[in-house]
> 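My questions will all concern the structure given below.
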Amino acid sequence: MATLDLLGDWKRTQYAGDLRAGDADKDVVLMGWVHRRRDLGNIIFIDLRDRGGIAQIVFNKELAPAAHARAEELRAEYVMAVHGRVSRRQKPNPELASGEVEVFASELRILNTAKTPPFVVEDEVNASDETRLHYRYLDLRRSRPQRNIALRHRIFLEIRRTLDGLGFYEIETPMLTRSTPEGARDYLVPSRIHHGQFYALPQSPQMFKQLLMIAGLDRYFQIVRCFRDEDLRADRQPEFTQLDLEMSFPTQEAIFGVIEQVMVRACAAAGIEVKTPFRQMEYREAIGRYGIDKPDLRFGMELHEITENFAAAREKLHLEGSVHAVVAPGAAAFSRKQLDELGEQAKGLGARGLYTIKVTTEGASSPLEKTLGAAGVQNIVAAAGARAGDLIVAVSAAEQIPGTDAATLIAGQLRLALAERLNLVPKNRWEFLWLTGFPLFEWGLSEKRWVAAQHPFTGIREEDVHKLESAPQEVRSKGYDLVLNGSELGSGSIRIHSQELQARVFALLGLSEEQRRHRFGFFLDALTYGTPPHGGIALGLDRVVALLAGEKSIREVIAFAKTTAAQDLMMDAPAEVEPEQLEELGVAIRQSGG
RNA sequence: GGGGACGUAGUUCAGUUGGUUAGAACGCUGCCCUGUCACGGCAGAGGUCGCGGGUUCGAGUCCCGUCGUCCCCGCCA
């Protein structure tokens with residue numbers, strides 16, 4: 001172990017990674033970590049890493065014997081400060097941003113030693129997620145996480161600047177709040193003062209922001225942590241960050257305009273140029289053309305309904321429901337095995353039948369010829385607009401949920417899977433899309449009643465209000481989703497501000513007067529004191545940053561992320577607490593097993 | 001709650017049909033080296049094969065259980 005030096009009165013002059021040719025001949029003081037050392041004997045090269053990047057430091061025994069001797073003690077991840085002179089390199093290193101120059105050290109101070117790290121701190125990930133999360137502070141030293149965190153900062157900054165410029169106030173709302181019955185499972189916090197009672201961490205500040213509109217704050221936003229105790233995914237963490245905003249007296253276009261400005265500047269922070277206005281699409285159209293409510297518009301492969309083409313063979317094929325087809329360009333060469341896998345996948349998605357047609361220059365070939373005849377198959381080829389080399393994939397499925405065409409949704413999933421497999425999803429394309437006209441209600445399979453598709457305060461399109469009681473499944477909401485490249489970034493709505501309309505919605509949801517009082521009493525009260533028309537949106541910022549950073553998982557853009565079992569491997573949370581703490585809270589742990 | 005993949009040296013992985021002393025690369029330690037930049041050369045250290053049980057003359061390998069990580073469905077705006 002090396003003895004340590006004091007930092008003394010040394011002041012850093014700049015970041016190592018920021019050194020450029022223009023700094024030549026400058027006297028500099030750099031501080032950072034030993035990224036790599038190359039000890040050639042009488043000359044030692046140290047790659048010094050700090051937040052700005054990497055610079056090469058030269059320790060020459062002849063020129064600076066004391067510094068050179070000290071440098072022999074340096075090891076990976078030691079913390080060092082170096083005083084020296086910047087010099088142009090005879091042989092620049094084009095791999096390094098600072099590669100035009102290097103620093104000839106005159107004095108070295110070793111500020112701290114380091115244990116050999118469990119994995120090498122380098123750009124390419126060479127450790128498992130488990131190890132990385134356990135030693136997150138080392139993982140974060142790598143350039144990619146540093147880039148992601150810097151990008152996250154710049155995006156957040158742009159959001160705040162943009163919204164400030166548009167007259168929004170950033171207002172904080174409580175983290176300790178009240179459990180509300182709808183939506184996700186709550187994280188609960190037991191109350192010490194009120195035994196048997198619990199706070200809930202907010203799933204979102206939904207009601208607070210509406211109350212802020214009632215309070216006359218007019219334009220609110222918040223970059224806020226939200227909590228949902230549900231099972232996790234690559235794009236879901238138990239706590240995540242939303243851009244939450246709400247405005248009074250809005251039109252839908254006004255809200256879209258605000259978010260478009262925010263996204264344009266957020267993208268610019270990532271070096272990505274996007275055009276406004278974003279495309280808009282009705283929910284029905286998205287389902288019909290893409291079989292999904294968050295279509296990826298970076299590629300075509302739109303769906304074709306070909307139910308009619310099967311009319312003559314419905315009995316024979318035991319068809320139920322509709323038939324939808326997707327054309328996979330260039331997939332006519334799929335092997336038997338690949339077709340089988342496709343069939344398995346379709347079955348896994350709930351398809352009743354899967355039919356394929358290979359289109360070649362010699363014509364179409366398909367098992368369907370037996371039932372539909374060559375002409376029948378040819379009609380499908382024409383209907384789907386398939387060309388030589390393509391594979392037509394058609395699925396049928398029985399309707400399980402009233403009003404939902406299962407075959408379309410399955411075809412939509414196959415479209416995504418095929419595009420991925422055929423490498424037809426272009427990189428560096430940014431297809432924003434607003435989805436509108438969502439159904440207000442959806443049939444709850446388990447509840448066996450209509451449930452609010454979003455939350456029960458979502459507004460209703462004026463032209464559909466009269467159908468509320470007579471044809472609830474046809475009622476479209478004033479809700480909207482923002483979609484980017486097939487990922488849902490967020491959703492919002494113009495809210496209901498009329499007590500009369502709100503009462504009709506609650507009635508349809510089967511909530512009695514008493515239940516309404518119990519669940520939403522304070523909020524319904526507030527609505528009666530002069531609520532302005534208002535609306536807003538919430539965006540999942542972790543997803544936004546991950547997409548713009550080109551990361552698959554939002555863990556890569558969260559400094560301290562949790563595992564899919566909602567654990568923090570570094571802190572080892574959650575953890576047991578002292579019996580005294582439980583006692584104070586009036587909480588007893590029941591031994592599990594029952 | 002369900003399905004799938006994985007778990008072997010500090011790290012990432014290989015390990016045949018169950019068979020002697022469990023390997024590689026990187027990293028680490030020591031020595032040599034004045035232009036390297038993934039430096040190079042020589043030498044060396046390093047293993048509870050996730051954990052528990054079982055089958056077997058014999059288990060990293062087979063079986064059961066369990067724990068952990070990741071991906072997906074359910075769930076979740």
Side-chain angles (χ1 to χ4, degrees), chain A residues 35-48 54-65 68 72 75-77 87 89-96 98-99 102 104 114-135 138-139 182-186 203-204 206 226-238 240 242 244 293-294 344-345 348-350 413 417 435 438 442 445-446 452-455 458 479-483 487-493 537-540 543 552-553 555 561-567 569 572:
Chain A
H35 184 66
R36 233 181 264 281
R37 87 193 149 101
R38 291 177 293 280
D39 185 346
L40 277 64
N42 287 332
I43 188 165
I44 298 171
F45 297 98
I46 297 291
D47 287 339
L48 172 65
I54 285 169
Q56 175 166 281
I57 317 296
V58 188
F59 292 92
N60 187 308
K61 193 171 191 176
E62 228 167 72
L63 300 176
H68 175 271
E72 285 181 328
R75 294 293 180 272
E77 302 306 319
S87 169
R89 292 209 212 179
Q90 292 185 337
K91 261 199 324 190
N93 180 356
E95 305 281 301
L96 229 51
S98 67
E102 60 194 351
F104 277 84
K115 286 204 324 200
T116 301
F119 52 88
V120 185
V121 177
E122 58 189 1
D123 290 359
E124 277 165 54
V125 186
N126 67 344
S128 66
D129 283 17
E130 200 172 347
T131 313
R132 291 177 56 207
L133 288 176
H134 193 262
Y135 297 96
L138 294 179
D139 187 46
E182 307 264 322
R185 211 174 279 124
D186 286 315
Q203 298 176 22
S204 81
Q206 180 62 37
C226 303
F227 305 85
R228 288 175 195 161
D229 189 2
E230 296 292 344
D231 289 346
L232 307 176
R233 291 282 193 286
D235 61 352
R236 279 194 237 152
Q237 284 273 301
F240 58 99
Q242 279 196 345
D244 193 51
D293 63 358
K294 45 179 183 178
E344 282 303 308
Q345 189 173 8
L349 292 165
Q413 293 300 316
L435 258 114
F438 287 90
E442 55 192 22
L445 274 182
S446 50
Q454 208 190 11
H455 53 70
T458 305
Y480 34 78
D481 276 8
L482 180 62
V483 174
S487 284
E488 185 205 309
L489 295 186
S491 67
S493 63
I537 193 167
L539 299 184
R543 285 185 194 176
K552 282 207 173 70
S553 167
R555 281 190 300 272
K562 292 184 177 63
T563 68
T564 49
Q567 284 185 299
L569 294 181
D572 198 18

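The chains referred to below are lettered A, B, ... by the order of the sequence lines, with proteins before strands, and numbering in each begins at 1. Source: prediction; values computed, not measured.
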> Regarding Leu569(A), tell me which of base, sugar-phosphate or nothing describes its non-hydrogen contacts under 4.0 Å with the strands shown.
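The residue Leu569(A) makes sugar-phosphate contact but no base contact.
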> Select from Lys91(A) and Arg36(A) the residue whose nearest nucleotide in RNA chain B is closer to the 5' end of that strand.
Lys91(A)
> Salt bridge check: are Arg36(A) and Glu122(A) linked by an N-O gap of less than 4.0 Å?
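Yes, charged N to carboxylate O under 4.0 Å.
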> Looking at Arg38(A), I'd like to know whether one of its side-chain N or O atoms comes within less than 4.0 Å of OP1 or OP2 on rU36(B).
no
> What is the distance from CD1 of Ile57(A) to P of rC37(B), rounded to the nearest Å?
17 Å
> Does rG47(B) have a Watson-Crick or wobble partner in any strand here, with both distances under 3.5 angstrom, and which is it?
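Across any shown strand, rG47(B) pairs with none.
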> Taking the P atom of each, how far is rA77(B) from rA5(B), in whole Å?
31 Å
> Ignoring backbone atoms, establish whether Arg543(A) has a side-chain N or O less than 4.0 Å from OP1 or OP2 of rC76(B).
no
> Kindly indicate whether the side chain of Gln242(A), heavy atoms from C-beta on, has any atom under 4.5 Å from the side chain of Leu539(A).
no
> Taking the side chain of Leu40(A) as heavy atoms from C-beta outward, which of rU36(B), rG30(B), rC75(B) is closest to it?
rU36(B)
> Evaluate the side-chain proximity of Arg185(A) to Arg228(A): yes if any heavy-atom separation is below 4.5 Å, no if none is.
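Side-chain contact under 4.5 Å: no.
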> Closer than 4.0 Å, any side-chain N/O of Gln237(A) to the OP1 or OP2 of rC76(B)?
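Looking at the OP1 and OP2 atoms of rC76(B), neither is under 4.0 Å from any side-chain N or O of Gln237(A).
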> Within the supplied structure, the quantity of interest is the number of heavy atoms (other residues, nucleotides, ligands) at a distance under 6.0 Å from Tyr135(A) OH; does it exceed 12?
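No, because the 6.0 Å sphere around OH of Tyr135(A) holds 12 heavy atoms or fewer from other groups.
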> To the nearest Å, how far apart are Arg233(A) CZ and rG74(B) P?
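That distance rounds to 7 Å.
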> Name the nucleic acid region contacted by Thr116(A), choosing base, sugar-phosphate or nothing; use a 4.0 angstrom heavy-atom cut-off, strictly under.
sugar-phosphate
> Can you check the distance between rG52(B) and rC13(B), where both ends of the measurement are the C1' atom (answer in whole Å)?
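Between the two C1' atoms, the distance is 26 Å.
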> Does a nitrogen or oxygen in the side chain of Arg236(A) sit under 4.0 Å from OP1 or OP2 of rA77(B)?
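Result: no.
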> State, yes or no, whether a side-chain contact exists between Asp129(A) and Arg555(A) at a heavy-atom distance under 4.5 Å.
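Yes, close enough: below the 4.5 Å cut-off.
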> Please state the C1' separation for the pair rC39(B) and rC32(B) - nearest whole angstrom.
14 Å
> Round to a whole Å and report the spacing from CD of Glu72(A) to C1' of rU29(B).
15 Å
> Heavy atoms under 4.0 Å, any strand shown: does Arg132(A) hit a base, just sugar-phosphate, or nothing?
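Contact class for Arg132(A): none.
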> Is there a Watson-Crick or G-U wobble partner for rG40(B) with both distances under 3.5 Å, and which nucleotide is it?
rC32(B)
> Can you check the distance between rU21(B) and rU34(B), where both ends of the measurement are the P atom (answer in whole Å)?
46 Å
> Just checking Glu488(A): base, sugar-phosphate only, or nothing, at a heavy-atom cut-off of under 4.0 Å?
base
> Specify the separation, in whole Å, of atom CG of Asn42(A) and atom C1' of rG40(B).
15 Å
> Could you check which of rG35(B), rA77(B), rC72(B) has an atom nearest any side-chain atom of Ala234(A)?
rC72(B)
> Quote, to the nearest angstrom, the P distance that separates rG68(B) from rC26(B).
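To the nearest whole Å, 35 Å.
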> Examine the base of rC37(B) for any acceptor or donor lying under 3.5 Å from a partner atom in the side chain of Arg89(A), and report the outcome as yes or no.
yes
> Please work out if Arg185(A) contacts a base, only the sugar-phosphate, or nothing of the nucleic acid, heavy-atom cut-off 4.0 Å.
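It contacts nothing in the nucleic acid.
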> Hey, is the main chain of Ile54(A) close enough, under 3.5 Å, to the side chain of Ser98(A) for a donor-acceptor pair?
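Yes, because the side chain of Ser98(A) sits within donor-acceptor range (under 3.5 Å) of the backbone of Ile54(A).
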> Where the side chain of Glu102(A) is concerned, which of rC33(B), rG35(B), rC70(B) is the nearest nucleotide?
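The nucleotide sitting nearest to the side chain is rG35(B).
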> Where the side chain of Ala565(A) is defined as all heavy atoms beyond and including C-beta, which of rU69(B), rG1(B), rC37(B) is the nearest nucleotide?
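Of the candidates, rU69(B) comes closest.
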> Expressed as a whole number of Å, how far does the C1' atom of rG58(B) sit from that of rG2(B)?
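My reading of the C1' atoms in rG58(B) and rG2(B) gives 38 Å.
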> Looking across every strand, which nucleic acid part, if any, lies under 4.0 Å from Phe227(A) by heavy atom: base, sugar-phosphate, or nothing?
nothing
> Which nucleotide, rU69(B), rC37(B), rU11(B), lies nearest any side-chain atom of Ala127(A)?
rU11(B)
> In whole Å, I'd like the distance from the CG atom of Leu232(A) to the P atom of rG2(B).
17 Å
> Between rA45(B) and rU12(B), how far is it from one P atom to the other, in whole Å?
24 Å
> What does rG68(B) pair with, Watson-Crick or G-U, if both distances are under 3.5 Å?
rC6(B)
> Classify the nucleic acid contact of Asp229(A) as base, sugar-phosphate or nothing, counting any heavy atom under 4.0 Å across all strands shown.
nothing
> To the side chain of Ser128(A), which of rU36(B), rU12(B), rG35(B) is closest?
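Output: rU12(B).
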> Distance check needed: rC73(B) C1' versus Glu230(A) CD, whole Å only.
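To the nearest whole Å, that distance equals 14 Å.
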> In Watson-Crick or G-U wobble terms, both distances under 3.5 Å, what is the partner of rU55(B)?
none
> State which of rA77(B), rU11(B), rC37(B) makes the closest approach to the side chain of Phe119(A).
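Comparing rA77(B), rU11(B), rC37(B) against the side chain of Phe119(A), the answer is rU11(B).
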> Counting only side-chain nitrogens and oxygens, does Gln56(A) get under 4.0 Å of the OP1 or OP2 atom of rU36(B)?
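Answer no for this pair, as no side-chain N or O of Gln56(A) is under 4.0 Å from OP1 or OP2.
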> According to the Watson-Crick and G-U wobble definitions, with both distances under 3.5 Å, which nucleotide is paired to rA24(B)?
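The base-pairing partner of rA24(B), which may sit in any strand shown, is rU12(B).
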> Arg555(A) or Gln454(A): which one's nearest nucleotide on RNA chain B is closer to the 5' end?
Arg555(A)
> Any sub-3.5 Å donor-acceptor pair from Gln237(A)'s side-chain atoms to Lys562(A)'s backbone N or O?
yes
> Does Gln56(A) reach the side chain of Asn93(A), with side-chain heavy atoms less than 4.5 Å apart?
no
> For atom P, what is the distance between rA14(B) and rA24(B), given to the nearest Å?
16 Å
> Planes under 30° and centres closer than 5.5 Å, is that true for Phe45(A) with the base of rU36(B)?
yes
> With respect to the side chain of Thr131(A), which nucleotide from rU11(B), rG68(B), rU34(B) is positioned closest?
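Shortest atom-to-atom distance from the side chain points to rU11(B).
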> Hey, does Leu489(A) have a side-chain heavy atom less than 4.5 Å from the side chain of Val483(A)?
no
> Send over the distance from Asp39(A) CG to rU34(B) P, rounded to a whole Å.
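Between P of rU34(B) and CG of Asp39(A): 10 Å.
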> Which is true for Asp129(A) with a 4.0 Å heavy-atom rule: it touches a base, it touches only sugar-phosphate, or it touches nothing?
sugar-phosphate
> Within this structure, what is the NZ-to-C1' distance between Lys61(A) and rC32(B), rounded to whole angstrom?
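For the pair Lys61(A) NZ and rC32(B) C1', the rounded distance is 12 Å.
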> Answer yes or no: is there a side-chain heavy-atom contact under 4.5 Å between Asn60(A) and Asn42(A)?
no
> Does a distance-only test, which skips hydrogens and angles, find a donor-acceptor pair under 3.5 Å between the side chain of Arg228(A) and the base of rC76(B)?
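Check fails, no donor-acceptor contact within cut-off.
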> Base, sugar-phosphate or nothing for Gly183(A)? Non-hydrogen atoms, less than 4.0 Å.
sugar-phosphate
